[in-house]
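Worksheet: one structure, shown below.
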Amino acid sequence: MIALVTGAYRGLGLETVKQLAELNYTVILTGRNDEKGEAAAELFRVSGKEVYYHHLDVNLDSDIEKLRYFIEDKFGVLDVLVNNAGIHYDTGNDVTNPDWNIVQEATNTNFLAPWKLTVAIIPLIKKSSRGRIVNVSSGAGSLQDMTPGSPAYSASKAAMNVLTIQLAAKLKSDSVKVNAVCPGWVRTDMGGLNATRSVEEGARGIVWAAALENDGPTGGFFRDGKPINW
Ligand code: NAP
């Protein structure tokens, strides 16, 4: 089974690679800093795991195209796509006077990029007998539980949730399952030191959605494998 994780040399992405490799997935660890990416992949390889590094700035169409070609050429198929790369939990931003650069970057990285990458990867994931797409979202994007604050991040994750529902419906007949996962509040650079969960706990729910059996759900929003409010 071949899995691709974006934003994967630190934080939840790195832990997701680790847990998938422990389940014997071949993992393509991607990121935009080649030195950090190669070093992370090498650490997995010395412990006997099949982990490849490939460059990917999720916001660059040319990077997406080169990655798609790499997967097609090397494996001919992709089983799991984890759209993990994310940016700007903008707690300091005011919805009535936002920093538009942050709004634009959050929209690009958290919403448009996973959409574009997914579209590029669809032909490869349709070739899998158990294709899975995991959109790493956030409770901050839940419309029912929406609280004021971090407007750019919340809007971008709400949009990612829309994408999840639409893709799941469209890909259902191809047996590709698409789910959104909130990892909870996790101690990473984004979550900060006061967060309540470890990366191990946070990534577990992501890996659960990546490794779903064929009778598992699609088009849902989950934390720890349990449905949460859209
Ligand atoms: P993190 O530690 O800040 O890591 C973010 C990752 O995304 C980094 O590897 C970063 O790479 C990468 N990234 C950002 N922009 C990118 C781009 N243009 N191209 C490629 N990679 C890019 O954050 P995290 O906590 O692990 O977050 C992972 C995911 O979980 C995000 O989608 C986040 O929204 C979600 N999430 C986190 C929490 C939490 O409490 N931590 C809660 C809910 C949801 P660089 O080093 O190159 O910047």
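Atoms within each ligand, like the ligands themselves, are counted from 1 in listed order. If you're wondering where the values come from, they're calculated on a predicted model, not measured in any experiment.
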Please list, one pair per line, the donor and acceptor atoms closer than 3.5 Å that link side chains of residues 143-160 to other protein atoms, with sequence neighbours excluded.
residue	atom	partner	partner atom	Å
D145	OD1	N229	ND2	3.2
S154	OG	A140	O	3.3
S154	OG	G149	O	3.4
S154	OG	S150	O	2.7
S156	OG	N110	ND2	3.0
S156	OG	A152	O	3.3
S156	OG	Y153	O	2.8
K157	NZ	V136	O	2.8

Over 12 non-hydrogen atoms of neighbours within 6.0 angstrom of CD in Q166 | no
Under 3.5 Å, is there a donor-acceptor pair between the T118 and N83 side chains?
-> yes
Select all protein residues for which some heavy-atom-to-ligand 1 distance is less than 4.0 Å, and list them by chain and number.
-> G7, Y9, R10, G11, L12, R32, L56, D57, V58, N59, N84, A85, G86, T109, V136, S137, S138, Y153, K157, P183, G184, W185, V186, T188, D189, M190, G191
Flag yes if more than 12 heavy atoms outside Y89 fall under 6.0 Å of its OH atom; otherwise flag no.
-> no
ILVMFWY cluster, V207 and L81 together (side-chain gap under 4.5 Å) = no
Salt bridge flag under 4.0 Å for residues E201 and R204 | no
